[in-house]
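Okay, so here's the structure we're looking at.
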Amino acid sequence: MERTKVIDLLRREDYGAEVNVKGWVRTKRGSKAVNFVALNDGSTIKNVQIVVDVNKFDDETMRNIATGSCLSVEGTLVKSQGAEQSVEIQANKIEVYGTADGYPLQKKGHSMEFLREHANLRMRTNTFGAVFRIRHNMALAIHTYFHEHGFYYWNSPLITASDCEGAGQMFQVTTLDLKNPPKTKDGEIDYSQDFFGAQTSLTVSGQLEGELAATALGAIYTFGPTFRAENSNTPRHLAEFWMIEPEIAFMDLKELMDLEEDFIKYCIKWALDNCMDDLQFLNNMIDKGLIERLQGILKDDFVRLPYTEGVKILEEAIKNGRKFEFPVYWGCDFASEHERYLVEEHFKKPVIMTDYPKEIKSFYMKINADNKTVQGTDVLFPSIGEIIGGSVREESYEKLTNRMKELDMRLDGYEWYLETRKFGTCPHAGFGLGFERLILFVTGMSNIRDVIPFPRTPKNAQF
RNA sequence: UCUCCAAUAGCUCAGUUGGUUAGAGCAUCUGACUGUUAAUCAGAGGGUCCCUGGUUCAAGUCCAGGUUGGAGAGCCA
């Protein structure tokens, strides 16, 4: 008999039909004569109720049907007598594919910390099923958005020899014998003998390569893993995370902000349109304000706030008695308490902050006419902080290399990048979106380790 | 990396000022129950109180160091 997925089964009304359903047992309950098994196959957060007439099955089968075990059930689709589901299956034949003695997950709630230690099994819980179905949907929304807007999906390398991309500490990639590496005459490690003939690392960003692609294909985006060897121990950082980095030729600052806002709203609308069952569950169990907050994002325009205006607002707040741990002055890098004040207290909606002092931003950002600020944008969201960092890129070879020299950066090693500015340079812009931070916001989960299947954090690469 | 907090049964947690045999709910097992919704009811089994050292007649409880986890900060996406 052909298998029917739970999601399809629950929509059917052809009572009396013989059906086959396969899935994992969430709970079993009942009395002497009749048992009820809640079966889930991952196609939806909802379970299908299997009604088991205990007398029709042998003791061993009944014993093997327990939380976590895997079943194939043939039975009759009937209208449910119970109140909490419309249809159920009256079991005629049950095959136990796999028993689950000692299954660590129980039907009562578990802490997120406990489930993290069982990351190999936690996808089988309601919460993580919902999170990963939404994660899939967000990936689909991202690809769909860019495809519909004329962007090409393009891949930057994960292994790089640029030793100072500047975005963070890097993981080294080597096949050298760590106990006995080859040395040069002056005692340094001889990387010419390494696999790539040079010192290499995992990438911290595909942006520089993305810029090359934008000057050829017009508009591209990358969507892949990124690696940071920072010793960050927070609910918002991972050592291995996924990043979306679009890069667009002929785009200016206003168009960049329009893109950032439109893109993120598209993703959130996608979730509301396509993931309501899962969002409803998360709204009930994890975060009571979730759906309202997502709808709120769609309603308002994001605030567009030049850095200098932001400083004024914060100075005004301090004058009115607001206390901050860190001082505010023009030129300071905002601490998260400052960003949170602006987003969560002052404006109460997302803020796109722009035109930062060049000293606190990266070398590649386009310098404004004032020669003090650069056309960088940070999209700041309530509760999770910076979700997007982007900028218009400096397209002038002269200005870009001058800035690099000011920052004591070595130009050799960047020739391939700087040639974009030598050969047909163009105004262009782009941004980076942390995929897991988007998932955090859309699911209402509070720790980034719980929105990626197998989190990589300092001292943790299990599974 | 810094600051603060935590670690007791498979899970979630209680454990008084240091004091006899460390408890509860859930889970598991046994039994009861004519349709349950985290089913219910009765009973049973289940402990390296994170590790090492110290104080004390006596440590789950106090002290020191460590490990692991969490929150905040920094770094950032």
Side-chain angles (χ1 to χ4, degrees), chain A residues 26-38 46-55 63 66-68 78-85 88 90 100-118 125-126 165-169 203-207 225-245 260 285 324-326 333-340 360-362 377-381 384-390 431-441 446-452 457-460 462:
Chain A
R26 285 295 170 74
T27 71
K28 182 173 82 166
R29 55 180 174 263
S31 59
K32 193 178 189 178
V34 62
N35 275 6
F36 302 91
V37 177
K46 292 175 180 163
N47 304 323
V48 66
Q49 173 156 286
I50 313 293
V51 184
V52 184
D53 181 348
V54 174
N55 298 320
R63 210 172 28 249
T67 302
V78 297
K79 202 173 168 71
S80 180
Q81 298 171 30
E84 307 210 354
Q85 59 279 319
E88 62 192 20
Q90 201 82 43
D101 285 349
Y103 185 61
L105 305 186
Q106 298 164 12
K107 50 185 162 183
K108 269 192 97 162
H110 289 291
S111 68
M112 291 298 154
E113 291 80 9
F114 173 78
L115 291 171
R116 235 167 265 155
E117 289 170 11
H118 296 274
T125 63
N126 286 332
E165 290 192 31
Q169 289 290 112
T203 186
V204 292
S205 165
Q207 180 197 317
T226 305
F227 308 88
R228 304 270 167 95
E230 300 287 350
N231 191 8
S232 294
N233 293 288
T234 84
R236 293 179 303 281
H237 290 85
L238 291 165
E240 175 184 295
F241 63 100
W242 289 65
M243 189 151 65
I244 294 96
E245 295 185 286
E260 290 171 343
M285 304 299 289
F324 293 108
E325 190 186 341
F326 296 98
D333 204 353
F334 287 165
S336 40
E337 58 174 345
H338 304 133
E339 295 178 350
R340 293 185 73 127
I360 60 173
K361 287 290 175 187
S362 300
T377 67
D378 282 359
V379 180
L380 306 176
F381 258 43
I384 58 169
E386 184 181 344
I387 194 166
I388 284 180
F431 66 79
L433 169 91
F435 187 50
E436 284 77 17
R437 290 197 179 166
L438 175 67
I439 309 298
L440 262 188
F441 187 77
S446 48
N447 193 311
I448 202 163
R449 292 161 207 178
D450 301 327
V451 297
I452 189 168
T457 51
K459 302 223 161 72
N460 183 14
Q462 218 194 333

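Keep in mind that the numbers below use all heavy atoms, side chains included, and drop hydrogens, waters and symmetry copies. Worth saying up front: this structure is predicted, and the values here are computed from it rather than measured.
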(request) Provide, to the nearest angstrom, the distance between the CZ atom belonging to Arg228(A) and the C1' atom belonging to rG74(B). (result) 15 Å

(request) Map Ile387(A) and Thr27(A) onto RNA chain B by nearest heavy atom, then report which one ends up closer to the 5' terminus. (result) Thr27(A)

(message) Work out how far the C1' atom of rA27(B) is from that of rG65(B), and round it to whole angstrom.
(response) 37 Å

(request) Can you tell me, in whole Å, how much space there is between the C1' of rC62(B) and that of rU55(B)? (result) 8 Å

(message) Between rG15(B) and rA6(B), how many Å separate the two P atoms, rounded to a whole number?
(response) 12 Å

(message) Please check: side-chain N/O of Arg228(A) versus main-chain N/O of Val204(A), any donor-acceptor pairing under 3.5 Å?
(response) yes

(message) Roughly how many Å apart are rA59(B) and rC51(B), using the C1' atom of each and rounding to a whole number?
(response) 16 Å

(message) Classify Ile388(A) by what it touches in the nucleic acid, base, sugar-phosphate, or nothing, heavy-atom distance under 4.0 Å.
(response) sugar-phosphate

(request) Indicate, with a heavy-atom threshold strictly under 4.0 Å, whether Glu325(A) touches base, sugar-phosphate, or nothing. (result) nothing

(request) Could you tell me whether the side chain of Met285(A) reaches within less than 4.5 Å of the side chain of Asn126(A), counting heavy atoms only? (result) no

(request) Output yes when a side-chain donor or acceptor of Glu245(A) lies under 3.5 Å from a complementary backbone atom of Gly206(A), and no otherwise. (result) yes

(request) Tell me whether the OP1 or OP2 atom of rA39(B) has a side-chain N or O from Arg29(A) closer than 4.0 Å. (result) yes

(request) Report, as a single string ordered 5' to 3', how protein heavy atoms within less than 4.0 Å touch nucleotides 42-52 of chain B: B base, S sugar-phosphate only, - not at all. (result) -----------

(message) What contact category does Gln90(A) fall into here, base, sugar-phosphate, or nothing, at under 4.0 angstrom with non-hydrogen atoms?
(response) base

(request) Not counting sequence neighbours, which residues clear ring-ring contact (aromatic ring centres under 6.0 Å, His included) with Phe326(A)? List them please. (result) none

(message) Do Thr67(A) and Lys28(A) have side chains that approach each other closer than 4.5 Å (heavy atoms only, starting at C-beta)?
(response) no

(request) Classify the side chain of Gln49(A) and the base of rU36(B) as holding, or not holding, a donor-acceptor pair under 3.5 Å. (result) yes

(request) Starting at atom CG of Asn55(A), determine the distance to atom C1' of rU34(B), rounded to an integer number of angstrom. (result) 11 Å

(request) Go through the structure and list residues passing side chain to side chain contact (heavy atoms under 4.5 Å, CB included) with Thr234(A), not counting sequence neighbours. (result) Arg236(A), His237(A)

(request) Select base, sugar-phosphate, or nothing to describe what Glu245(A) touches, counting heavy atoms under 4.0 Å on all strands. (result) nothing

(request) For Phe334(A) and rC75(B), give me the distance from atom CZ to atom P, rounded to whole Å. (result) 13 Å

(message) Dot-bracket, 5' to 3', for RNA chain B please: Watson-Crick or G-U pairs under 3.5 Å, [ ] where pairs cross earlier ones, | where the partner sits on another strand, dots elsewhere.
(response) (((((((..((((.....[...)))).(((((.......))))).....(((((..]....))))))))))))....

(request) Could you check Ser111(A) against Val34(A) and say which one's nearest nucleotide on RNA chain B is further toward the 5' end? (result) Ser111(A)

(request) Figure out the CD/C1' separation between Glu339(A) and rA73(B), and round it to whole Å. (result) 13 Å

(request) Could you state the atom-to-atom distance from CD1 of Ile360(A) to P of rC75(B) in whole Å? (result) 10 Å

(message) Does His110(A) contact rC11(B) through a side-chain donor or acceptor facing the base, at a distance under 3.5 Å?
(response) no

(request) Could you check how far OH of Tyr103(A) sits from P of rA27(B), rounded to whole Å? (result) 15 Å

(message) Any non-hydrogen side-chain atom of Met112(A) less than 4.5 Å from a side-chain atom of Asn447(A)?
(response) no

(request) Please name the pair of heavy atoms, one in Pro235(A) and one in Ser446(A), separated by the smallest distance, quoted to 0.1 Å. (result) CB-O, 3.6 Å

(request) For the side chain of Glu230(A), starting at C-beta, report the closest nucleotide among rC75(B), rG74(B), rG35(B). (result) rC75(B)

(request) Specify the separation, in whole Å, of atom CG of Asp378(A) and atom P of rC75(B). (result) 12 Å

(request) Quick one: closest heavy-atom pair of Leu438(A) and Ile387(A), and the distance? (result) CA-CD1, 3.8 Å

(message) Quick one, Lys361(A) and Asp378(A) - any side-chain contact, counting heavy atoms below 4.5 Å?
(response) yes

(message) Closer than 3.5 angstrom, by distance alone: can the side chain of Arg437(A) be matched with the main-chain N or O of Glu386(A) as a donor-acceptor pair?
(response) yes

(request) Describe the nucleic acid contact of Gln106(A) in one word from base, sugar-phosphate, nothing, applying a heavy-atom distance below 4.0 Å. (result) base

(request) Starting from P on rA39(B), measure out to CD on Gln85(A) and report it in whole angstrom. (result) 12 Å

(request) Would you say whether Phe241(A) stacks on rA77(B)? The test is a distance between ring centres of less than 5.5 Å and an angle between planes of less than 30°. (result) yes

(request) Could you please name the option among rU1(B), rC75(B), rU36(B) that lies closest to any side-chain atom of Ser80(A)? (result) rU36(B)

(request) Pick base, sugar-phosphate or nothing for Gly432(A), based on heavy-atom distances below 4.0 Å to the nucleic acid. (result) sugar-phosphate

(request) Would you please name every residue forming a side chain to side chain contact (heavy atoms under 4.5 Å, CB included) with Pro225(A), sequence neighbours left out? (result) Leu158(A), Phe227(A), Trp242(A)

(request) Could you measure between the two C1' atoms, the one in rU17(B) and the one in rC13(B), and give it in whole Å? (result) 23 Å

(request) For rG19(B) versus rC29(B), give the span between their C1' atoms, rounded off to a whole number of Å. (result) 36 Å

Strictly under 3.5 Å: I want the nitrogen or oxygen pairs between protein and nucleotides 66-72 of chain B, one per line.
unit_1, atom_1, unit_2, atom_2, d
rG70(B), OP1, Arg116(A), NH1, 2.5
rG70(B), OP1, Arg449(A), NH1, 2.7
rG70(B), OP2, Arg449(A), NH1, 2.8
rA71(B), OP1, Asn447(A), ND2, 3.3

(request) Look at the side chain of Ser232(A) against the base of rC76(B) and say whether a donor-acceptor pair falls under 3.5 Å; ignore hydrogens and angles. (result) no

(request) Please measure how far the C1' atom in rG47(B) lies from the corresponding atom in rC11(B), and state the result in whole Å. (result) 14 Å

(request) For rU12(B) versus rU8(B), give the span between their P atoms, rounded off to a whole number of Å. (result) 8 Å

(message) Please classify the nucleic acid contact of Ala83(A) as base, sugar-phosphate, or nothing, using heavy-atom distances under 4.0 Å.
(response) base

(request) For residues Phe114(A) and Leu105(A), determine if any side-chain heavy atom of one lies less than 4.5 Å from a side-chain heavy atom of the other. (result) yes

(request) Give the minimum heavy-atom separation between Ser80(A) and Gln85(A), together with the two atoms involved. (result) OG-NE2, 3.0 Å

(request) Measure from the side-chain N and O atoms of Asn460(A) to the backbone N and O of Gln462(A), and report whether any donor-acceptor pair falls under 3.5 Å. (result) yes

(request) Look at the side chain of Arg437(A) against the base of rC76(B) and say whether a donor-acceptor pair falls under 3.5 Å; ignore hydrogens and angles. (result) yes

